[in-house]
Protein chains: 4
Amino acid sequence: MLNKVTLIGRLGADPEVRYMPSGDAITTIRLATSRRWKDRNSGERKEETEWHRVVFFAGLAKVAGEYLKKGSQVYVEGRIRTNKWQGQDGQDRYTTEIIADEMHMLDSRSGGTANYADNAPPLSTYDNHGAGSSSASSAASSSASAPAAFDDFDDDIPF
Amino acid sequence: MLNKVTLIGRLGADPEVRYMPSGDAITTIRLATSRRWKDRNSGERKEETEWHRVVFFAGLAKVAGEYLKKGSQVYVEGRIRTNKWQGQDGQDRYTTEIIADEMHMLDSRSGGTANYADNAPPLSTYDNHGAGSSSASSAASSSASAPAAFDDFDDDIPF
Amino acid sequence: MLNKVTLIGRLGADPEVRYMPSGDAITTIRLATSRRWKDRNSGERKEETEWHRVVFFAGLAKVAGEYLKKGSQVYVEGRIRTNKWQGQDGQDRYTTEIIADEMHMLDSRSGGTANYADNAPPLSTYDNHGAGSSSASSAASSSASAPAAFDDFDDDIPF
Amino acid sequence: MLNKVTLIGRLGADPEVRYMPSGDAITTIRLATSRRWKDRNSGERKEETEWHRVVFFAGLAKVAGEYLKKGSQVYVEGRIRTNKWQGQDGQDRYTTEIIADEMHMLDSRSGGTANYADNAPPLSTYDNHGAGSSSASSAASSSASAPAAFDDFDDDIPF
DNA sequence: TTTT
DNA sequence: TTTT
């Protein structure tokens with residue numbers, strides 16, 4: 001079965017980074033996508049903004065936490081997950097989020113936040129495909145300098 | 001900005017069809033997508049099922065309501081929309097759904113529910129791209145026989 | 001059946017715009033996507049650039065021809081089409097191209113070519129879904145000023 | 001940059017499987033996707049079939065070679081690659097293919113070819129994300145029995 | 001609640 | 001031929 005989401009939008013705030021006991025990072029962002037259309041009857045232009053909670057794990061979480069900022073434009077690919085939890089009143093609540101497995105920063109060169117380009121890695125795509133928790137741990141414990149981000153590059157089939 | 005979802009899954013129940021005052025249909029389905037993986041540490045196979053609420057409007061709603069059944073396998077493309085509403089306790093609640101704009105029945109000929117193939121249209125893709133509410137209304141008021149479904153075919157660029 | 005391509009890349013040259021007898025524009029771009037990975041055996045970083053021929057029709061062709069430039073970063077969605085033709089030697093040749101039905105300029109505000117932002121429309125998505133040649137013609141004959149680009153906005157379902 | 005293709009279609013012939021000196025399989029299929037639309041001017045229904053050459057490597061190649069048959073319906077995700085080669089006349093030729101990194105068999109239960117269901121694995125998604133050539137080799141040398149196919153399941157992040 |  |  002397929003459960004795939006692709007988003008291009010901007011962060012409404014800086015990323016939030018938390019850490020697991022294992023040392024793995026978990027980064028969460030709020031991403032806005034807006035849709036514009038012209039009402040066929042009234043002819044009015046309309047706009048609607050949708051906010052998405054996007055969660056990154058392991059190596060992706062590190063890169064997202066380090067390089068994304070409020071206002072950054074980003075491409076995200078992942079899957080929908082809805083979590084069930086209980087409110088204080090004992091009632092079921094649901095929260096839907098996007099579990100990201102691919103991320104691509106779209107603010108080229110001077111783009112985005114002022115000092116963004118200072119430590120940005122070359123524009124490229126990061127992903128989590130096939131990453132297990134063990135290798136993720138080792139990635140998470142590697143150096144936080146910019147080149148370390150490249151540890152997450154996809155080892156691909158060399159044909 | 002981009003907000004796109006693609007799902008391939010099976011219906012957990014027959015579609016629910018409601019009608020607007022204008023006569024337009026609104027069809028809702030519950031779609032299951034499951035994900036299987038092997039835990040890298042324990043080696044165990046795991047499986048997780050995600051349930052999606054998918055909503056179809058206008059011409060798509062008609063086709064979905066007519067041809068999809070509990071257990072049908074379907075491809076859906078659309079966008080994420082989260083609705084905010086108030087519970088009886090006055091607290092904010094959120095419901096996330098997929099607003100479909102393309103649908104593709106995957107139960108081929110002999111496939112799916114027993115008597116499914118009897119009145120199924122040729123395997124094809126239906127979509128709502130660019131459909132305004134007025135044209136949608138006229139589609140909704142057209143005959144309910146199988147060929148009518150074709151009214152929703154995308155008029156495409158003839159090059 | 002589904003035949004969908006999504007690309008994010010940069011133009012290798014300015015767009016080429018041609019016109020049909022009907023007045024409709026046809027715009028073609030060459031789009032580079034590059035893939036980077038680290039070879040698992042040698043540990044070397046590798047990079048491979050793929051060039052795509054992307055074709056826009058009707059209203060999309062106008063917007064693409066007007067606002068895209070060499071070096072622009074763009075999101076394109078469309079379908080694969082392979083054309084068969086005959087070389088001078090009488091042998092069959094094949095050319096594969098992407099017929100775009102959605103386009104999204106990713107060079108934000110300050111981004112892209114120097115004077116790009118001067119006449120750029122608000123960042124948004126253009127599409128051709130469901131556009132027939134007749135409506136396309138009328139779009140093509142509308143004024144070429146920036147606001148005209150909005151004529152191509154998707155009329156969407158107002159629920 | 002992003003270069004992504006998603007196809008749902010049917011095989012025009014049985015898969016072709018070749019083997020690398022390393023023992024890795026390479027499987028190629030011809031996949032048809034068809035598009036139907038109604039001409040807005042003439043009102044005629046039209047149909048166009050596009051044929052795609054899809055190539056699978058490593059573990060995916062094994063599964064594709066074993067379980068797909070002429071007529072099978074399949075979901076494929078991958079990237080576009082155009083190869084340049086020289087005809088006998090010394091002229092450059094180009095061949096475009098889809099390098100698959102995910103595959104999903106859509107013929108449920110009784111679907112597709114007669115004896116398909118006999119040895120089919122549970123309906124699921126196979127992928128090559130992040131597979132390097134070394135791990136691919138070991139997968140290729142594992143047993144060819146049905147359960148072996150599960151070796152290719154995505155080890156995913158266990159949150 | 002589907003399906004394999 | 002783009003870009004980092």
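For clarity, every value in this text was computed on a predicted model and none was experimentally measured. Proteins come first, then strands; the chains are lettered A, B, ... in the order of their sequence lines, and each starts at number 1.
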Tell me every residue that passes side chain to side chain donor-acceptor pair (under 3.5 Å) with Thr96(D), counting only those two or more places apart in sequence or in another chain. Thr96(C), Thr82(D)
Rounded to whole Å, please give me the gap between CD in Glu50(C) and C1' in dT1(F). 14 Å
To the side chain of Arg36(C), which of dT3(F), dT1(F), dT2(F) is closest? dT3(F)
Check: dT4(F) base within 3.5 Å donor-acceptor of Arg10(C) side chain: no
Does a side-chain N-to-carboxylate-O contact under 4.0 Å join Asp107(A) and Arg10(A)? yes
Can you tell which of dT2(F), dT2(E), dT3(F) lies closest to the side chain of Lys70(C)? dT2(F)
Could you tell me how far apart Tyr75(C) (OH) and dT2(F) (P) are, to the nearest whole angstrom? 25 Å
Which whole-number value in Å describes the distance from His52(B) NE2 to dT3(E) P? 16 Å
Rounded to whole angstrom units, what separation is found between the CG atom of Leu11(B) and the C1' atom of dT3(E)? 11 Å
The single option from Ile98(A), Val63(A), Val76(A), Ile99(A) that satisfies side-chain contact (heavy atoms from CB on, under 4.5 Å) with Phe56(A) is Val76(A)
Starting at CG of Leu106(A) and ending at P of dT3(F), how long is that distance when rounded to a whole Å? 16 Å
Run the numbers on Asp92(D) and Lys84(D) for salt bridge (Lys or Arg N to Asp or Glu O under 4.0 Å), then give the verdict. CA-CA 7 Å; Asp92(D) 289 341; Lys84(D) 186 180 180 176; 3.5 Å; yes
Using the side-chain heavy atoms of Ala32(C), tell me which of these nucleotides is nearest: dT1(E), dT2(F), dT3(E). dT2(F)
Take the protein atom CD of Gln73(C) and the nucleotide atom P of dT1(F), then report the distance between them rounded to whole Å. 21 Å
Residues in side chain to side chain contact (heavy atoms under 4.5 Å, CB included) contact with Thr49(C), at least two apart in sequence or another chain: Ala32(C), Ser34(C), Glu47(C), Trp51(C)
At under 4.0 Å between heavy atoms, what does Thr33(C) touch on the DNA or RNA strands: base, sugar-phosphate, or nothing? nothing
Over how many whole Å does the gap from Ile29(C) atom CD1 to dT3(F) atom C1' extend? 14 Å
On a plain distance test, is the side chain of Thr49(C) in donor-acceptor contact with the base of dT2(F) below 3.5 Å? yes
Between atom NZ in Lys46(B) and atom P in dT4(E), what is the gap in whole Å? 24 Å
